[in-house]
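Working notes, structure below.
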Amino acid sequence: MTEGTKRRQLAYIGSFTSAGGRGITTASVAPGTGALTALHHTEDAVADPSFLTLAPDGGTLYAVSETDPGAAAALSLAVSDSGPDPYSGSTVGDAAAARSGSGGPMPLGAAVPVNGSAPTHLALAAGRLYTANYGSGDVSALPLRADGGLDGPAATHQHTGHGPHEQRQQGPHAHAVVPDPTGRWLLSTDLGTDSVWIYDLRGDEHGPRLHREAPLRAGTGPRHLAFAPPSAERGRPTGGSRVYVVNELDTTVTTCRWDEEKGVLEPLDETRLLPEEHAGTDNYPSALALSPDGRFAWAGIRGADRIAVLGLGTDGPPELLTTVPCGGHWPRDVAVHPSGRWLYAANERSGDVTWFDVDPTDGTPHPTGSLAAPAPSCVVFA
């Protein structure tokens, strides 16, 4: 296969339309360099699509609408399985590579209310779409239609509690929802309650079914979490899977042990994401991305405009290896390419997505290019 007919990969970039963003941007990913080229924008088809996720078959894209009241939307990516690539003129024989077509993602009906405010994250699990609603501090579940679209009404579970931070923790603020690798459990970080709420996905036809709440240290402000990939779990002497929770209010990552049989999350230790000279400043870590082989993790640090590079061993806490500039201002999201070769930072306030070559020996990202994208909020790969 020649360079001109290689099957292309696509990336989808969410953005805040209320801040001048162009909705969901479809971009091609150059196979040799990871460079992004914008192909299509949904503009105002979905308001403030701040986070995105893809169906496992790659045929449907889901977005939260971070509004008040909040909503979620489904968009079809399906096009003909073969034919001319509308962007390069080459023939594309793979349905996933040809997704989005010349018209881009197409809404599968109107956005559906989540019965909460300001949803910030979403995940597919157990035949439903779950959202974390920051403003109202709850988790919602929406049924899926046979065509991949969304139905209502949403079933919700309200978080309760607060933390010591006077401005940010007066009440619950659910920030992320992540299913565990078994698909049996759903974990939701709550910035306002300093805890991770664990839901049992079995028999949740009446709404999210709470299993337990796992407290973290008061004042940490858990924002996002990531499970260590299976390749990193082999040979761990302490048993159990690893979960890494990035904390927005004190610039740390909490390492936890996850018991998938009992649905129990146990905090083990914490790692600072910036050197000591940055202690006491407002840095607001955003997202955490793990390398596919489980050797490294990268965290976006918005106040410092840096990316923290962590080394992940087979046991013990992560090690802060270095930090590098994010290539812009206010990195709201960091995402690693499925190959592990490139890292991407969605710099919300400078209006660009920067990509980096990742050094395979030490995990250091080296900037190689950027794409103008007003108010970007996340990057996901088809």
Side-chain angles (χ1 to χ4, degrees), residues 51 64 70 114-123 125 130-141 155-182 184-201 204 207-228 240-273 282-288 297 299 317-318:
F51 213 88
V64 293
V114 299
N115 289 343
S117 67
T120 52
H121 198 255
L122 74 172
Y130 291 85
T131 68
N133 308 320
Y134 181 87
S136 49
D138 51 20
V139 167
S140 298
T156 63
H157 182 269
Q158 179 67 54
H159 293 182
T160 57
H162 60 87
H165 195 290
E166 293 182 359
Q167 287 76 41
R168 301 293 306 281
Q169 294 186 311
Q170 293 181 352
H173 293 297
H175 212 299
V177 280
V178 181
D180 90 317
T182 70
R184 175 179 170 182
W185 311 98
L186 183 79
L187 279 63
S188 175
T189 50
D190 194 302
L191 186 149
T193 64
D194 288 321
S195 58
V196 178
W197 296 66
I198 301 168
Y199 292 90
D200 191 338
L201 296 179
D204 68 341
R209 187 157 68 96
L210 181 65
H211 174 63
R212 66 174 69 226
E213 181 184 3
L216 302 185
R217 182 171 57 82
T220 53
R223 178 182 173 95
H224 278 286
L225 66 81
F227 284 85
S241 299
R242 287 293 186 272
V243 173
Y244 301 99
V245 182
V246 63
N247 300 309
E248 179 172 339
L249 298 183
D250 75 344
T251 318
T252 61
V253 164
T254 302
T255 303
C256 303
R257 181 187 293 116
W258 170 245
D259 186 330
E260 65 186 33
E261 294 298 323
K262 299 178 181 179
V264 174
L265 188 72
E266 176 191 358
L268 299 176
D269 46 55
E270 294 179 6
T271 303
R272 290 203 58 80
L273 291 174
D282 293 330
N283 284 299
Y284 310 114
S286 55
L288 188 71

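The structure displayed is predicted, hence computed values, not measured ones.
- Partner Y130 forms a side chain to side chain contact (heavy atoms under 4.5 Å, CB included) with one of V178, L122, L201 and no other, that one being L201.
- Nearest heavy-atom pair, D194 versus G219, reported as atom, atom and distance to 0.1 Å: OD2-N, 2.6 Å.
- In this structure, CZ in R168 is found 4.5 Å from CD in E248, a value given to the nearest 0.5 Å.
- Judged by distance alone, the side chain of D190 and the main-chain N or O of H173 form a donor-acceptor pair under 3.5 Å.
- Under the side chain to side chain contact (heavy atoms under 4.5 Å, CB included) test applied with V64, the options N133, T120, T131 reduce to a single match, T131.
- Atom CG of residue D138 and atom CH2 of residue W197 lie 10.5 Å apart, to the nearest 0.5 angstrom.
- Sparse packing is recorded around NE2 of H162, with 12 or fewer heavy atoms of other residues, nucleotides or ligands lying under 6.0 Å away.
- Residues P119 and G70 share a closest heavy-atom pair of CD-CA, 3.5 Å.
- Side-chain contact between L187 and F227 is present, with heavy atoms from C-beta onward closer than 4.5 Å.
- For S140 against T156, the heavy-atom pair with the smallest separation is OG-CG2, 3.2 Å.
- Checked options N247, V246, T251; the residue passing with T220 is N247 (criterion: side chain to side chain contact (heavy atoms under 4.5 Å, CB included)).
- At a cut-off of 3.5 Å, with distance as the only test, a side-chain donor of E213 or S195 sits close to an acceptor on the other residue.
- Side-chain contact check for T189 versus R223: every heavy-atom pair is 4.5 Å or farther apart.
- When all heavy atoms are compared, the tightest approach of S188 to H159 is OG-CE1, 3.6 Å.
- Each of T252, D250, T254 was checked for a side-chain hydrogen bond (donor to acceptor under 3.5 Å, both in side chains) with R217, and the lone residue meeting it is D250.
- Using a distance-only test at 3.5 Å, with no hydrogens or angles considered, a donor-acceptor pair links the side chain of H211 to the main chain of K262.
- Summarising the geometry, atom CG belonging to L225 is positioned 8.5 Å from atom SG belonging to C256; distances are rounded to the nearest 0.5 Å.
- Taken from CZ in R257 to CG in D269, the straight-line distance is 10.0 Å, to the nearest 0.5 Å.
- Closest approach of L186 to P179, counting heavy atoms only: CD1-N, 3.7 Å.
- A donor-acceptor pair is defined here as one N or O able to donate and one able to accept, closer than 3.5 Å; no such pair exists between the side chain of E260 and the backbone of W185.
- We find the OG-CG distance between S136 and N115 to be 9.0 Å, quoted to the nearest 0.5 Å.
- Under the 4.5 Å side-chain criterion, counting only non-hydrogen atoms from C-beta, Y134 is in contact with L191.
- A distance-only check finds no donor-acceptor pair linking the side chain of D259 to the backbone of V264 [under 3.5 Å].
- Atoms CG and NE2, on L210 and H157 in that order, are 4.5 Å from each other to the nearest 0.5 Å.
- The two residues A132 and A176 come nearest to each other via the heavy atoms CB-N, 3.5 Å.
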